[in-house]
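Counting starts at 1 for both ligands and their atoms, following the listed order.
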Amino acid sequence: MLELKGAVKRYSGGGSIFKKRWLTALDHLSLTVRRGEFFSLVGESGCGKSTLARIVAGLENLDDGELHFDGRRVPDISIFKDRQMRRRVQMIFQDPYSSLNPRMRVGDILREPLRSFGWGDAPAIEKRVVELAEIIRFPLSTLERYPHQFSGGQRQRIAIARAIAATPEVLICDEPVSALDVSIKGQIINLLIDIQEQLGVTILFISHDLSLVSKISDRVGVMYLGRIVEIGDAASVFSDPRHPYTRVLLDAIPTVNRDGRRQGAPLAGEVPSPFAIPTACRFRDRCSLAFDKCAIEEPGLDAVASTRAHYAACHLRDRAQPRKAAADPPRIPGVEIFYTNTSEHQPSNLAKETA
Ligand code: SF4
């Protein structure tokens, strides 16, 4: 559905007129997202996740490389200009407080994209608005209210309804629950999973919460300093990570044992400056397994020998390593309300919050 080939994005970061400094957000990154899957992209802050999301959404251009959508190369800026492309790719932002127009009633917020994308005549638009209200479990009477009259979770549901209004094929979710309380997070995630299953939409989910991502994703990509360093089926990546960076990210997830003690190994070292990305393996300054070859030769993103659905950019990718902390799937107390991404969904309690 989506493919990035050798994507490069740099930003000017000061310097002199003789020598400009460039911050590298995406560094020859290649990535494929399959139709209808729930694909998650994880990594520390500043690794380039949100830049990638904005490029796929057509909000920014690539400096080099190619973006393909549904098998067709997308010329620069065309998503932004081409109305049909904009309809097919929609984005949900992190902050539900600033992503809605405070002067518009909820009903009008939902009508706006339908009018803009030529959904149909007035009765067809009203019918669709009623459908959207049902999907997000909003009573029709609430459509006359303004965004400030809703909680953060309810606003994010309005933003989701607006994004899916004109039936997009790709939904980009940039940290959609990181600003919400834990209990509300579960409801928003449930809603996204329901939408994916009912509408068959492809979801590109950006997050730094590996615990959450491990429960909801079909496939996952791990980003470090503008590159994918590990990618594969979520079950394989989380149960048998083959890149040391993925392993330390998983080890850093806080868990609580039976005694109520917090476990988890903090991630050592600082992320190198994106103004000066290390040569050869970009993770070698923080890697406990680094050896001579890592400073000389850059590891490619190649398949792990035992599987064809799991790739890692590490010279030691074929050597399984036990994780330091929890050997079980990572877990944070209080998130049991999350459903896994299977068809065995329980009834949602979204209406309760709206009431
Ligand atoms: Fe560590 Fe070397 Fe693998 Fe890089 S290539 S992640 S430095 S072992």
Side-chain angles (χ1 to χ4, degrees), residues 4-9 23-32 39-49 51-52 65 206-211 213-214 217 219-253 264-327 329-330:
L4 281 162
K5 291 184 181 174
V8 175
K9 182 67 187 177
L23 180 152
T24 305
L26 299 183
D27 187 15
H28 298 93
L29 177 145
S30 296
L31 171 72
T32 304
F39 183 91
S40 295
L41 207 51
V42 297
E44 290 168 281
S45 299
C47 69
K49 307 186 295 290
T51 302
L52 188 150
I206 314 279
S207 178
H208 59 263
D209 186 342
L210 271 76
S211 177
V213 161
S214 69
S217 312
R219 287 199 311 137
V220 63
V222 182
M223 270 188 86
Y224 185 73
L225 276 180
R227 281 263 179 97
I228 299 285
V229 295
E230 184 154 10
I231 187 168
D233 292 343
S236 180
V237 170
F238 287 111
S239 64
D240 185 19
R242 293 304 180 101
H243 195 286
Y245 180 57
T246 312
R247 276 198 294 273
V248 291
L249 283 181
L250 289 170
D251 288 343
I253 295 174
L267 189 50
E270 294 285 321
V271 183
S273 166
F275 286 102
I277 292 178
T279 55
C281 178
R282 59 195 57 215
F283 187 60
R284 67 188 153 90
D285 293 340
R286 303 172 81 189
C287 182
S288 60
L289 304 176
F291 60 109
D292 296 349
K293 187 178 176 185
C294 307
I296 301 166
E297 190 182 315
E298 181 162 18
L301 185 63
D302 294 326
V304 173
S306 56
T307 168
R308 285 192 192 156
H310 187 168
Y311 298 76
C314 173
H315 295 309
L316 302 178
R317 73 178 68 81
D318 292 328
R319 205 172 81 182
Q321 301 267 335
R323 285 172 43 207
K324 271 188 205 157

Donor-acceptor pair, Arg227 side chain versus Asp27 backbone, under 3.5 Å?
yes

Within less than 2.8 Å of atom 3 (Fe) of ligand 1, the count of protein N, O or S atoms comes to 1

Could you list the residues that satisfy side chain to side chain donor-acceptor pair (under 3.5 Å) with Thr24, not counting sequence neighbours?
none

Arg317 bridged to Glu230 by N-O distance under 4.0 Å:
no

Side-chain heavy atoms of Cys281 within contact of His315, under 4.5 Å
no

Over all heavy atoms of both residues, which pair between Phe283 and His243 is shortest? Give the atoms and the distance, please.
CD2-CE1, 3.9 Å

Nearest heavy atoms of Lys49 and Glu44, plus distance in Å
NZ-O, 3.3 Å

